[in-house]
Engineer: 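I have a structure here, written as structure tokens, and I will follow up with some questions on it.
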Amino acid sequence: MDRRRWLLVPFLLLVMGIANAQSEPTRLEVGYMPILPVAQLFVLENAGWADGADLALELTRFSSGPAMVQAMASGELDVMYFGIGPAMVARSRGMPVTVLASSIREQIGLVARGELATAFDRADGDAAEAIAAFTRETGERPRIATFPQGSVPDTVLRHWLIEQLGIGTDAVEIVSMGADRVQQALLARAVDGASILEPILTTVRDRLPGARVVARAPEMLPGQPGAVLAAREQVLADHPDALQRLVELHVRATTMLENEPVAAAPHVREFVGKRLIPLETVEAALQSPASNYAADPHGIREGTQRMHDFQIGQGSLTQAVDLDTLFETRLYDQVDAAE
């Protein structure tokens with residue numbers, strides 16, 4: 001009997017090892033930016049939903065979407081929470097990235113401070129005249145901060161200046177920088193305005209007297225697509241069930257952000273502003289006109305086409321992108337059908 005027990009030990013250890021291997025969560029390297037347009041990630045991670053879905057998300061913070069594209073080119077990242085603009089740039093460069101779900105729409109605003117805000121007040125809604133008046137009175141073009149070229153905030157700014165106002169990008173000085181630096185530049189009064197997103201819009205208005213949002217996404221690029229949940233095609237092929245669970249959690253988090261923004265705010269605050277932003281500011285930002293959370297990827301196809309065509313014309317996209325290959329909607333459609 002004792003001998004048989006000893007013979008059983010290796011077998012039992014093998015079985016236990018297989019069982020443990022089978023129960024191991026799927027590890028995914030996730031790139032993100034500390035901005036509200038990707039708040040779904042913050043909710044599902046900080047609320048513990050990812051652990052409950054057998055997902056081990058290894059998060060890496062980036063300053064901009066183009067920086068994330070560079071990391072992808074180096075072979076890093078499985079999943080990306082970034083703008084549709086960088087997603088198209090990556091695809092145009094031959095990187096096999098696919099969009100699984102939308103995160104938000106029409107999330108950009110132009111915040112102005114100081115003399116630029118005053119010029120907009122006097123122009124009575126005429127943005128082109130406000131920019132021209134600022135230049136006449138100061139002898140300098142307005143300095144407008146935004147993310148690097150190819151990003152959604154930069155593209156929306158350029159579209160507004162060229163297509164909506166008809167004054168071209170030379171009417172202002174576009175200053176490219178990462179998310180943290182945009183807020184710092186505004187608060188230090190080093191720039192006159194920014195084409196940017198939450199929570200920077202709300203934070204700057206709270207902390208700079210006279211600062212205000214002078215243009216919003218529907219005026220700048222109507223139907224503008226924003227941040228998305230994307231993944232490498234190989235990761236989708238290797239771990240379809242894991243990504244299906246991630247999309248399910250993404251949709252669940254979207255519902256919470258839409259219907260219970262105050263309840264979602266503590267989860268979001270853990271990731272934005274290095275936890276230095278007051279909870280009340282995060283709550284306000286989640287309820288601002290720029291926080292239009294939407295998970296349905298079908299809902300941003302038309303806006304993505306419009307943005308794609310504009311970027312081709314501007315040269316920030318050097319190759320046309322087949323949107324049928326950029327979008328992979330089956331995982332979202334399965335979640336939607338199950339609800």
Engineer: If you define the side chain from C-beta out and look only at heavy atoms, does anything of E137 sit under 4.5 Å from R122?
Structural biologist: yes
Engineer: Begin from the C-alpha positions of F82 and F62 and carry the test side chain to side chain contact (heavy atoms under 4.5 Å, CB included) through to its verdict.
Structural biologist: CA-CA 10 Å; F82 61 177; F62 289 86; over 6 Å; no
Engineer: With a 4.5 Å limit on heavy-atom distance, are the side chains of P86 and M68 in contact?
Structural biologist: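 P86 does not reach M68 side chain to side chain.
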Engineer: Within a radius of less than 6.0 Å around CD of Q319, do more than 12 heavy atoms belonging to other residues, nucleotides or ligands occur?
Structural biologist: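 Count not over threshold, so no.
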Engineer: With L100, which of V247, L246, V79 fulfils side chain to side chain contact (heavy atoms under 4.5 Å, CB included)?
Structural biologist: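 Going through the options one by one, the only one that passes is V247.
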Engineer: Any side-chain heavy-atom pair from V30 and D78 closer than 4.5 angstrom?
Structural biologist: no
Engineer: Does any donor atom in the side chain of T329 or D333 lie under 3.5 Å from an acceptor atom in the other side chain?
Structural biologist: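 Yes.
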Engineer: Are the side chains of Y32 and R61 in touch, meaning some heavy atoms are under 4.5 Å apart?
Structural biologist: yes
Engineer: For D121, is there an ion pair with R212 - N to carboxylate O distance below 4.0 angstrom?
Structural biologist: yes
Engineer: Should V214 and L116 count as side-chain neighbours, where that means a heavy-atom distance under 4.5 Å?
Structural biologist: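 No, too far: nothing below the 4.5 Å cut-off.
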Engineer: Under a 3.5 Å threshold, yes or no: a donor from one side chain and an acceptor from the other, between D238 and Q234?
Structural biologist: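 Their side chains do contain a donor-acceptor pair, which is all the 3.5 Å distance test asks for.
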Engineer: Check E115 with R189, please: is the shortest side-chain N to carboxylate O separation under 4.0 Å?
Structural biologist: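 The answer is no: the pair does not qualify as a salt bridge.
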Engineer: Evaluate the criterion salt bridge (charged side-chain N to carboxylate O under 4.0 Å, His left out) for residue pair R306 and E302; output intermediate values, then yes/no.
Structural biologist: CA-CA 6 Å; R306 187 181 301 117; E302 183 178 342; 3.5 Å; yes
Engineer: With rounding to the nearest 0.5 angstrom, report the CZ to CD distance, R141 to E173.
Structural biologist: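 Between atom CZ of R141 and atom CD of E173 there are 5.5 Å.
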Engineer: For the backbone of A294 and the side chain of S102, can you confirm whether one donor and one acceptor N or O come within less than 3.5 Å of each other?
Structural biologist: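 Confirmed, S102 side chain pairs with A294 backbone.
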Engineer: Any side-chain heavy atom of R207 sitting closer than 4.5 Å to one from Q183?
Structural biologist: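 Yes, close enough: below the 4.5 Å cut-off.
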Engineer: Set out, in order, the CA-CA distance, both residues' side-chain angles and the distance that settles side chain to side chain donor-acceptor pair (under 3.5 Å) for Q224 and Q107, then state yes or no.
Structural biologist: CA-CA 8 Å; Q224 168 248 306; Q107 83 273 33; 2.4 Å; yes
Engineer: Testing L36, I108, T203 one by one against E198 for a side chain to side chain contact (heavy atoms under 4.5 Å, CB included), which residue passes?
Structural biologist: L36
Engineer: Is it the case that atom CG in D322 sees more than 12 heavy atoms from other parts of the structure closer than 6.0 Å?
Structural biologist: yes
Engineer: Near R181 CZ, under 6.0 Å, is it more than 12 heavy atoms from other residues, nucleotides or ligands?
Structural biologist: no
Engineer: Measure the CD1-CD1 distance between I200 and I35 for me, rounded to the nearest 0.5 Å.
Structural biologist: 8.0 Å
